[in-house]
Amino acid sequence: MKIATWNINGVKARIDNLTQWLKDSDPDIVCLQEIKTIDEGFPRLEIEALGYHVETHGQKGFNGVAILSKTSPSEVNRGLPGDALDEQSRFLEAVFTLPDTRILRVCCIYLPNGNPVETEKYPYKLAWMERLRMFAAERLAYEEILVLAGDYNVIPEPHDCFDPKVWENDALFLPQTREAFRRLENLGLTDAVRATTDATRLYSFWDYQAGAWPKNNGIRIDHLLLSPEAADRMTSAAIEKHVRAWEKPSDHVPVVAYFDFAA
């Protein structure tokens, strides 16, 4: 099974890229972030025509997440628990029953950016990360196959960006941000990409400005974090970098992991 995450940066603006990628890459489950549309505006007909079930948690103009899957989930939950006043659409959970009756739980995450750090946006980011940690701890207690996939807006380590000096005062790379990410990982989660390679200059996002893409001045902020039950069954992971070179691209590219759930 192939599970992917991709910040699409506007699903209606990138629908041609999305449908082409679905045909070429053929993922089984896809977590999309920044769909930037309400649920009713999501171009589901084009996606359903390719054989995918669609679940969305949208928001007008910005944010918004979606899960596309070749089989229908048995349960869907919208919104990250822990703050009843949080109205931003950043979290979607889908539960699937595998052929052998085991549970596969996939969460689509669009973690807050947090910039500018001197505003209320940064405390919101850190509070959201703590809510995610608490949620993950609860779900890990189920001892299920769990995949937390999404745009985390976190650069975990210096080698995950082209120049740490450029990012040292950014919310994506501040020590508090990276510490919060480590607290999440330390619950027992595995970073799918880093479990397979220590390569440098391996990125999932390139800014539209300053020739970042042709210079490969990128950052790695899109992650699939796996429970032990998922990590044990992962066979490989990859960043599908070529998509960034397409016409009208998102500034992010898909990150994917392959699993053998027959084991």
Side-chain angles (χ1 to χ4, degrees), residues 1-7 27-33 53 55 57 65-82 90-111 128-154 156-157 160 177-198 204 220-239 254-263:
M1 179 179 286
K2 183 177 186 178
I3 300 177
T5 182
W6 189 9
N7 180 321
D28 296 282
I29 300 175
V30 183
C31 294
L32 297 177
Q33 301 86 40
H53 177 88
E55 293 288 347
H57 183 37
V65 288
I67 296 179
L68 321 178
S69 56
K70 289 185 177 179
T71 60
S72 299
S74 57
E75 178 185 337
V76 176
N77 299 300
R78 291 170 172 81
L80 181 65
R90 295 182 173 274
F91 184 89
L92 182 62
E93 177 186 39
V95 180
F96 301 88
T97 303
L98 297 174
D100 63 0
T101 72
R102 282 179 297 178
I103 294 298
L104 165 62
R105 192 177 296 269
V106 178
C107 299
C108 182
I109 292 161
Y110 179 42
L111 202 147
W128 207 96
M129 294 183 77
E130 176 58 17
R131 286 164 55 201
L132 179 61
R133 188 194 66 80
M134 294 174 64
F135 170 88
E138 292 178 0
R139 289 296 187 256
L140 285 166
Y142 295 167
E143 297 185 351
E144 296 171 340
I145 301 169
L146 171 67
V147 179
L148 302 175
D151 175 2
Y152 281 75
N153 272 312
V154 175
E157 299 293 341
D160 291 314
T177 302
R178 294 162 60 202
E179 288 167 9
F181 188 76
R182 282 194 294 272
R183 284 195 296 272
L184 178 62
E185 283 190 296
N186 287 345
L187 294 173
L189 295 166
T190 295
D191 179 336
V193 168
R194 282 300 174 213
T196 62
T197 179
D198 292 325
S204 64
R220 192 176 73 93
I221 57 175
D222 303 271
H223 311 299
L224 293 96
L225 299 186
L226 314 177
S227 70
E229 294 78 11
D232 285 348
R233 293 165 177 82
M234 184 182 73
T235 57
S236 63
I239 299 176
V255 180
V256 305
Y258 295 84
F259 301 87
D260 181 4
F261 290 137

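Sequential numbering from 1 along the given sequence is applied to the chain's residues.
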Visitor: Do NZ/NE/NH1/NH2 and the carboxylate oxygens of Glu130 and Arg133 come within less than 4.0 Å?
Guide: yes
Visitor: Would you say that more than 12 heavy atoms from the other residues, nucleotides or ligands in this model lie under 6.0 Å from the CD of Glu143, or not?
Guide: no
Visitor: Should we say atom CE of Met1 is surrounded by more than 12 heavy atoms from elsewhere, each under 6.0 Å from it?
Guide: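 Enclosed.
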Visitor: Please determine whether salt bridge (charged side-chain N to carboxylate O under 4.0 Å, His left out) holds for the pair Glu229 and Arg102, giving the CA-CA distance in whole Å, both sets of side-chain angles, and the decisive distance to 0.1 Å.
Guide: CA-CA 11 Å; Glu229 294 78 11; Arg102 282 179 297 178; over 6 Å; no
Visitor: Do Asp160 and Arg178 meet the salt-bridge criterion of a basic N to acidic O distance under 4.0 Å?
Guide: no
Visitor: Please determine whether a side-chain nitrogen of the Lys or Arg among Arg139 and Glu144 lies less than 4.0 Å from a carboxylate oxygen of the Asp or Glu.
Guide: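 No, this pair does not count.
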Visitor: Do Ser227 side-chain atoms and Leu140 backbone N/O form a donor-acceptor pair below 3.5 Å?
Guide: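 A pair under 3.5 Å: no.
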Visitor: So which atom in Ala257 and which in Ala192 form the shortest heavy-atom distance, rounded to 0.1 Å?
Guide: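 So the two residues come closest at CB-CB, 4.3 Å.
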Visitor: Is the closest side-chain donor-acceptor distance between Gln33 and Thr5 under 3.5 Å?
Guide: yes
Visitor: Would you call the rings of His223 and Tyr152 parallel, tilted or perpendicular, taking 30° and 60° as the class edges?
Guide: tilted
Visitor: Which residues pass the ring pair (Phe, Tyr, Trp, His ring centres under 6.0 Å) test with Phe96, sequence neighbours left out?
Guide: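 If we apply the ring pair (Phe, Tyr, Trp, His ring centres under 6.0 Å) test to Phe96, skipping adjacent residues, there are no hits.
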Visitor: Do Arg194 and Glu157 come close enough that some side-chain heavy atom pair is under 4.5 Å?
Guide: no
